[in-house]
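For reference, the structure discussed in these notes is given below.
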Amino acid sequence: MRKLKITALLLSALFIIGALAGCADKKGGEDTTAPAGTADTTQAAETTESLYDGEGYLKDSLPEGLNFDTTITTLMWSDYTMTEFYVDDINGNIIDSAIYRRNSSLEERLGVTLAWDSSPGNDKNISQYTTKVRADYNSDRNYDIYATYSRTPPALSLEGYTIDLLSTKYFDVEKPWWPSALTDECEIGGKLYYASGDISTNLLWMMIGTFYNKALYKSYESDPLFQKTPEELVASGEWTIERLMNMTKDIYVDTDGSNSRSEGDTYGFVIYETNVDAFQTAAGVTSIIKTADGGIEVNPKWNGQYTADVCQMVGDWLSTQGCIHTSSTGIRNVFFDERGVFITDRCFIVAGKDNASSKTKIEFSYGIVPQPKAYADQENYCTNVGHPFTMYAISSGSDKAEAASAVLEAMGSGGYRYVTPQVFETTMKIRYADGAEAAEMYDILRGTVSFDLGRLFAESFGNTTANAFRKAALGTPSTYLTTLSTARNAFKNGIEKITGAAG
């Protein structure tokens with residue numbers, strides 16, 4: 001176990017993060033104007049302005065003078081994709097420096113020491129992580145916070161290992177660092193046992209969008225389908241699955257001269273197969289929805305002809321010569337080597353793992369847009385988030401729940417004002433992307449993230465809620481509804497288990 005304690009005094013000399021125009025939740029000077037009829041407009045403006053810090057970010061509601069004088073220990077997953085939890089010292093990396101600043105200011109402000117223990121916990125190691133949780137709970141109860149792979153805290157909540165965050169003193173679900181989509185979809189029976197948002201760098205990195213190679217796209221400008229840029233299609237509402245399908249289905253060049261389709265050729269569309277899930281989300285469909293009384297049920301739209309038709313459309317498209325897909329992440333190299341016009345993938349491909357890999361990231365001029373809507377009359381774009389992001393929860397075995405609550409709130413708040421601007425604004429929007437245009441598209445992705453209880457509690461539903469769409473689209477799309485009909489008992493049992501655990 002390692003401990004992290006750094007003085008805020010050093011940081012004040014080393015870090016300056018300026019106000020960033022275009023930050024979705026950031027407020028500017030115009031927000032400080034007092035409303036008409038206010039008796040003392042100067043005082044009202046000052047009161048309004050005091051809601052924001054010196055860099056223009058909304059302040060949290062944690063009271064001044066907190067001093068818990070304790071250590072808060074987090075069990076984190078060790079096999080995360082991008083750095084998120086702590087860094088040992090300042091190393092020149094802007095994101096690491098922001099994480100360092102977040103943690104240091106938190107410790108100084110709350111009078112806590114952050115301690116970290118780790119366990120493998122990704123999709124292949126969920127059982128190893130949960131075994132460590134159970135063992136600790138039944139012995140020393142060292143852990144105050146669990147921070148791990150997105151599907152694990154929901155599973156832990158079913159066994160009673162996490163507490164309702166809404167019942168704690170300092171967790172403020174109304175603040176912008178906790179996405180409304182997550183809290184709206186994941187609160188069950190008025191309780192919320194896990195959360196993510198600006199507290200997790202990996203949430204931003206795992207957002208799924210559609211990237212395109214600007215030079216390759218321009219090479220098809222004589223085609224009427226390519227007269228508008230993808231960004232213009234998004235703005236006009238014409239960015240649909242059918243449009244992307246028609247643009248890409250016939251683009252194929254035998255680049256390597258092998259006289260057969262291979263990963264050495266050029267394609268209209270590239271996708272790592274796990275990311276096919278994003279097309280269901282993009283259609284505005286979650287598998288499990290909340291009921292009016294706060295319970296949950298299977299979404300009739302997901303379990304009906306609408307999604308079956310979308311699945312058929314995506315499946316037919318992926319079988320055309322212009323598309324290449326495999327179950328290996330190596331398929332991304334087709335796009336990285338500039339032999340793919342489009343790719344649907346997670347945002348971390350703009351940087352590579354921990355911003356360090358020189359061969360597995362975009363190194364040319366690219367554009368990014370949200371996933372296309374199913375149909376033009378769909379109201380909103382919707383963004384899927386890949387499973388490897390971090391959910392946070394407070395251990396029911398901790399005797400420091402209120403201090404842990406304050407730590408989560410301060411980490412979320414600190415992530416929003418220190419870390420997210422560097423991940424989102426600096427790295428994603430500037431590197432090989434056109435600033436203002438890319439900024440607008442990334443803002444759409446971040447503002448439309450969707451969380452599906454069927455994905456978070458996938459194991460409780462026999463994984464059908466997580467992979468039925470993908471498997472049918474990549475196999476035999478016409479079997480989609482048949483697959484769901486055979487899983488009715490799993491859906492019923494899963495809903496009973498989840499609602500029962502929520503009380």
Side-chain angles (χ1 to χ4, degrees), residues 1-6 66 68-80 83-88 99 102-104 106-107 110-171 178 186 191-197 199-203 388-412 414-415 456-457 459 501-502:
M1 185 181 298
R2 55 196 308 165
K3 295 188 176 182
L4 179 66
K5 183 72 176 175
I6 314 161
L66 290 176
F68 293 103
D69 191 24
T70 191
T71 296
I72 295 297
T73 303
T74 298
L75 178 62
M76 67 180 194
W77 55 319
S78 58
D79 38 16
Y80 53 84
T83 298
E84 174 169 328
F85 303 106
Y86 69 88
V87 292
D88 290 319
I99 292 171
R102 177 200 67 188
N103 291 352
S104 301
L106 180 160
E107 290 185 312
L110 301 182
V112 301
T113 297
L114 298 178
W116 308 91
D117 198 4
S118 66
S119 170
N122 64 16
D123 59 328
K124 298 178 178 61
N125 294 298
I126 292 175
S127 62
Q128 186 171 341
Y129 185 96
T130 54
T131 295
K132 190 163 185 173
V133 168
R134 293 188 192 104
D136 176 75
Y137 186 89
N138 292 319
S139 57
D140 298 331
R141 299 192 175 186
N142 289 316
Y143 303 128
D144 304 299
I145 294 173
Y146 303 130
T148 186
Y149 183 74
S150 64
R151 285 158 60 165
T152 304
L156 293 175
S157 73
L158 298 181
E159 299 185 47
Y161 292 124
T162 67
I163 67 172
D164 173 22
L165 296 174
L166 302 181
S167 70
T168 64
K169 187 173 182 179
Y170 299 108
F171 184 85
W178 307 117
C186 297
K191 297 177 181 179
L192 182 69
Y193 291 94
Y194 43 82
S196 190
I199 194 171
S200 172
T201 59
N202 282 285
L203 179 68
F389 68 92
T390 307
M391 280 286 196
Y392 288 74
I394 296 176
S395 169
S396 58
S398 172
D399 59 0
K400 306 172 186 175
E402 296 309 326
S405 171
V407 166
L408 287 188
E409 188 66 16
M411 285 187 72
L456 295 176
F457 286 101
E459 287 76 12

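Source: prediction; values computed, not measured.
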Check: Would you call L456 and C186 a side-chain contact if the rule is heavy atoms closer than 4.5 Å?
Finding: yes
Margin query: Working note: Y146 + T74, criterion side chain to side chain donor-acceptor pair (under 3.5 Å); need CA distance, chi angles, decisive distance, verdict.
Written below: CA-CA 6 Å; Y146 303 130; T74 298; over 6 Å; no
Gap between atom [atom2] of [Y] and atom [atom1] of [X] - 0.5 Å precision:
| X | Y | atom1 | atom2 | value |
| --- | --- | --- | --- | --- |
| S396 | L156 | OG | CG | 9.5 Å |
| W116 | L114 | CH2 | CG | 5.5 Å |
| N202 | T83 | CG | OG1 | 8.5 Å |
| L192 | L165 | CG | CG | 5.0 Å |
| S395 | I163 | OG | CD1 | 8.0 Å |
| E409 | Y170 | CD | OH | 11.5 Å |

Notebook entry, point to check: Would S119 and W77 count as having a side-chain donor-acceptor pair, cut-off 3.5 Å?
Noted result: no
Notebook entry, point to check: Are E84 and S200 linked by a side-chain donor-acceptor pair shorter than 3.5 Å?
Noted result: yes
[X] side chain to [Y] backbone, donor-acceptor under 3.5 Å:
| X | Y | value |
| --- | --- | --- |
| T73 | Y143 | no |
| T130 | S127 | yes |
| E402 | K169 | yes |

Next item on the list: Any chance you could lay out the side chain to side chain contact (heavy atoms under 4.5 Å, CB included) test for L75 and I145, step after step, and finish with the verdict?
Entry: CA-CA 6 Å; L75 178 62; I145 294 173; over 6 Å; no
Notebook entry, point to check: Which salt bridge (charged side-chain N to carboxylate O under 4.0 Å, His left out) pairs, counting each pair once, include a residue from residues 141-156, with sequence neighbours left out?
Noted result: R151-E459
Search all heavy atoms of [X] against all heavy atoms of [Y] and return the closest pair with its distance.
| X | Y | answer |
| --- | --- | --- |
| Y129 | A147 | OH-N, 3.4 Å |
| L203 | G197 | CD2-CA, 3.4 Å |
| A195 | F171 | CB-CZ, 3.9 Å |

Check: Is there any side chain to side chain donor-acceptor pair (under 3.5 Å) pair reaching into residues 152-162, and which pairs are they, with sequence neighbours excluded?
Finding: R134-E159
Can you sort out the partners of [X] under side-chain hydrogen bond (donor to acceptor under 3.5 Å, both in side chains), two or more places apart, ordered by chain and number?
| X | result |
| --- | --- |
| Y149 | none |
| T70 | K400 |
| S405 | T168 |
| D79 | N122, N125 |

Check: Can you name the ring-ring contact (aromatic ring centres under 6.0 Å, His included) partners of F457, sequence neighbours left out?
Finding: none
Note to self: Please enumerate all residues that pass ring-ring contact (aromatic ring centres under 6.0 Å, His included) together with Y80, with sequence neighbours excluded.
What the structure shows: F85
Notebook entry, point to check: Who passes side-chain contact (heavy atoms from CB on, under 4.5 Å) against P153, sequence neighbours left out?
Noted result: T148, Y194, M391, A393
Next item on the list: Could you tell me which residues satisfy side-chain contact (heavy atoms from CB on, under 4.5 Å) with S118, sequence neighbours excluded, listed by chain and number?
Entry: M76, S78
Item checked: Derivation of the side chain to side chain contact (heavy atoms under 4.5 Å, CB included) call for V407 and L106 -> CA-CA 7 Å; V407 166; L106 180 160; 4.3 Å; yes
Next item on the list: Not counting sequence neighbours, which residues clear salt bridge (Lys or Arg N to Asp or Glu O under 4.0 Å) with K132? List them please.
Entry: D117
Next item on the list: Starting from the C-alpha separation in whole Å, work towards a yes-or-no answer on side chain to side chain contact (heavy atoms under 4.5 Å, CB included) for W178 and I199.
Entry: CA-CA 8 Å; W178 307 117; I199 194 171; 3.8 Å; yes
Notebook entry, point to check: Between I394 and L408, is a side chain to side chain contact (heavy atoms under 4.5 Å, CB included) present by the stated rule, with each step listed?
Noted result: CA-CA 9 Å; I394 296 176; L408 287 188; 3.7 Å; yes
